[in-house]
Amino acid sequence: MNKPLDGTLALDAAEARWQEEYAAGVGTEPPVANRSGIPVKPLYTPRDWDGGRYEEDLGFPGQPPYTRGIYATMHRGRTWTQRQLIGLGTPQDYNARLAGVLAQGATAVSLIPCNSVFRGYDMDEVHEELLGTCGTVVNTAGHMDAALAGVDLAHTSCAMNDPSPFTLLAFVLATARRRGVDWRAVSGTSNQSDYLSHFVANHMFFRIALPGARRILVDHIDFCNRAVPRWNPMSVVGQHMQQGGATPAEAMAFTLSSAVQYAEDCLARGMDPDRFLPRFTFFFDISLSFFEEVAKFRAGRRIWARLARERLGAKDPRSWRFKFHGQTSGVDLTRQQPLNNVARVTVQAMAGIFGGLQSLHTDAYDEVLSCPTDEAARVAINTQNVLREEAHLTDVIDPLGGSYYVETLTDQMEREILRVMKIVEDAGGMYQAAEAGLVQKMIGESAMRFQRAVESGAQTVVGVNAYRADEAEADRPPVYKPDPAAMRAHLAAFRTWKAARSQDAVRRALDALARAAASPRENVFEQVVAAAEAGCTHGEICGRLREELGFGQPLAFV
């Protein structure tokens, strides 16, 4: 009489039977890999991940290693902050749109400035027809006051898309002073504060030469830690690099390497890690590769907690938290059949939620064409409302935790992230790796691989290389353009205001800014704030710092 098979033998037999049936069903198939190049099997079992290292690799939310989340309650206790990044036209246009977004359920303020602002210029220095077409024209503290009319700065978190030298925050602080709001009550984030990501992947944002940008960022962090303690001065951005073509694993690796660089620069200044690290935040792109994105965030959270403790010397658990904002990926959206983008954004948002984000922006389906229309912005906001209120996605913390596939993939993503970080470390750290072009080269190679996959059809893009449809112009949503008359009036008022202000006060403030830039003992950002309060414009502040610290020239490959 045969003895019954034990559990292991029974599992072996069942797996062999499945493999035989699977092979008969699919025949010869090409290898499958995710965007980071990690091979993906058709099935995962306890042989891949058995939970034997549960405490070391997963643990519990709010406890090391933080794989399952940085807070004990996560979304069960408090859901993500619902941000909608908006920016268009004049400050008054922005304020009207902001009121509508807040009424639809957004819980925080985000402002995207005009490209002229991102480039470091005032509105009277660029072509008029370009003003306000993809962001709000904010050049002064008065403009910021108008943009945030009705917003309680003491109780509303404000995210400013604000590259170095952080004039938008300076304008916010000047506005708070005018309104009698204590700076210690002001909260929010300097989005786009990561100059390395700008240098690597977003040249338009790169205003000041690398050494100067490095100096200003540390000054910015130091000033905010002292004077605006609820403000997050450091937003380490993985979004630009992933949108530039980096794989999800590369984007996480470069982001963590950048965070280490910035932290070590602060340590070199003599700053306490448990003072500045709790105000470090992260900003990521969320692609359509659903499980890969979930694993990316879980692995990144685990790596950062370890780095903060072991490499950076942080002892306060608040310093170990990997707080991140997620934005659904605009590069995955298509101009063809734009309504399909609603489905894409929904999948991306779910990946971010299951990955444990702290705040979320969902792209409007027409953002690939222009600034979002009111209708598209409402759909984007309600996408989050549906996922939070109707889909029960917040009922369980880390609901994919324990999945054989997700846990295996999280481990694989961690290894791949660490592999890429080692390449950066061997090049001298993120600053030197970016300065030498190593990071740009790696991103370019990954971008080319993905583009070739799309062109060959190996990667399907619905409406682009498959499932195409003839589209009439009438099928496309309208393209937003600011009212030309309103923009001309805004420009005229700006010129009138500039001529009427105290020129002596402006000159003294800009001279003080130049002296600070020339002296390692002074804080440059402190003088940026003083200049904003004295009536200096965005372009004047950026222009003077360019003169003192050098123009930001991106690295060009020939």
Side-chain angles (χ1 to χ4, degrees), residues 6-12 14-15 18 32-34 36-76 247-253 255-257 259-260 282 284 289-324 351-358 396-422 425:
D6 63 23
T8 301
L9 293 176
L11 183 62
D12 289 343
E15 183 174 0
W18 166 77
V32 176
N34 62 23
S36 295
I38 295 172
V40 178
K41 302 197 305 182
L43 185 72
Y44 290 78
T45 72
R47 296 184 188 281
D48 299 289
W49 188 85
D50 66 3
R53 288 178 49 85
Y54 177 88
E55 187 174 358
E56 297 91 334
D57 292 344
L58 270 71
F60 292 88
Q63 301 176 22
Y66 296 103
T67 309
R68 309 202 70 180
I70 61 172
Y71 301 117
T73 60
M74 285 305 288
H75 299 150
R76 178 69 176 255
T247 69
E250 287 174 337
M252 179 60 73
T255 304
L256 292 172
S257 294
V260 169
F282 298 83
F284 289 102
S289 186
F290 180 87
F291 290 104
E292 185 176 6
E293 292 292 341
V294 172
K296 175 183 84 175
F297 294 131
R298 297 171 91 248
R301 194 158 44 234
R302 192 156 70 196
I303 295 169
W304 177 247
R306 195 163 60 241
L307 285 170
R309 291 195 310 273
E310 298 175 5
R311 177 163 179 169
L312 302 176
K315 298 178 173 59
D316 187 338
R318 291 176 300 175
S319 301
W320 309 338
R321 292 172 179 168
F322 185 76
K323 297 180 293 186
F324 76 94
I353 292 166
F354 287 148
L357 51 69
Q358 277 60 65
V396 175
I397 300 169
D398 188 31
L400 298 181
S403 156
Y404 301 132
Y405 175 40
V406 170
E407 298 303 350
T408 301
L409 185 56
T410 298
D411 292 345
Q412 291 173 317
M413 287 291 283
E414 179 175 6
R415 289 193 291 272
E416 178 63 12
I417 292 165
L418 292 173
R419 184 190 70 81
V420 176
M421 291 183 72
K422 179 66 163 54
E425 184 73 14

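Just so you know, these numbers use all the heavy atoms, side chains as well, and skip hydrogens, waters and symmetry mates. Note that the structure is a prediction, hence the values are computed from the model and not measured.
Shortest non-hydrogen contact noted between Met74 and Pro61 is CG-CB, 4.3 Å. Across all their heavy atoms, Pro65 and Leu58 have their closest contact at CD-O, 3.5 Å. Between Trp18 and Pro42, the shortest heavy-atom distance links the atoms CH2-CG, 3.9 Å. Scanning both residues, Ala351 and Val294, for their nearest heavy atoms gives O-CG2, 3.6 Å. Leu256 approaches Met421 most closely through the heavy-atom pair CB-CE, 3.7 Å.
For the pair Pro399 and Phe354, the minimum side-chain heavy-atom distance is below 4.5 Å. You'll find the side chain of Ile70 reaches within 4.5 Å of the side chain of Gln358, heavy atoms only. Side-chain contact between Glu407 and Leu400 is absent, with no heavy atoms from C-beta onward closer than 4.5 Å. Looking at Glu416 and Thr247, their side chains never come closer than 4.5 Å, going by heavy atoms from C-beta outward. Ser319 is listed as a side-chain neighbour of Asp316, based on a closest heavy-atom distance under 4.5 Å. Using a 4.5 Å cut-off on side-chain heavy atoms (C-beta onward), Phe282 and Arg301 make no contact.
Note that CG of Asn34 and CE of Met413 are 6.5 Å apart. Values are rounded to the nearest 0.5 Å. Annotation: the span from Ser403 atom OG to Phe291 atom CZ amounts to 7.0 Å, rounded to 0.5 Å. For the atom pair CD1 of Ile353 and NE2 of His75, the computed distance is 7.0 Å after rounding to the nearest 0.5 Å. Note that CG of Leu409 and NZ of Lys41 are 12.0 Å apart. Values are rounded to the nearest 0.5 Å. Put simply, CZ on Arg68 and CD1 on Ile397 are 8.5 Å apart, with the number rounded to the nearest 0.5 Å. Between the CZ atom of Phe60 and the CD atom of Glu55 there is a distance of 8.0 Å, given to the nearest 0.5 Å.
Remark: the Thr67 side chain and the Arg298 side chain contain no N/O donor-acceptor pair separated by less than 3.5 Å.
Checking each of Phe297, Tyr66, Trp304 against Phe324 for a ring-ring contact (aromatic ring centres under 6.0 Å, His included) leaves exactly one that passes, namely Phe297.
Aromatic rings of Tyr44 and Tyr404 (six-membered ring for Trp) have centroids beyond the 6.0 Å cut-off, not under it.
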*Worked check of side-chain contact (heavy atoms from CB on, under 4.5 Å) between Met252 and Ile303*: CA-CA 10 Å; Met252 179 60 73; Ile303 295 169; 5.7 Å; no
_Trace of the salt bridge (charged side-chain N to carboxylate O under 4.0 Å, His left out) decision for Arg311 with Glu425_ = CA-CA 13 Å; Arg311 177 163 179 169; Glu425 184 73 14; 3.2 Å; yes
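For Lys296 and Glu250, the salt-bridge test fails: no basic side-chain N is under 4.0 Å from an acidic carboxylate O. A salt bridge is absent between Arg306 and Glu56; no separation between the charged side-chain nitrogens and carboxylate oxygens falls under 4.0 Å. A salt bridge does not link Arg76 to Asp398: none of the charged nitrogens lies less than 4.0 Å from a carboxylate oxygen.
A donor-acceptor contact shorter than 3.5 Å links the side chain of Trp320 to the backbone of Ala314. Judged by distance alone, the side chain of Asp48 and the main-chain N or O of Thr45 form a donor-acceptor pair under 3.5 Å. Although no hydrogens or angles enter the test, the distance criterion places no donor-acceptor pair under 3.5 Å between the side chain of Ser36 and the main chain of Ile38.
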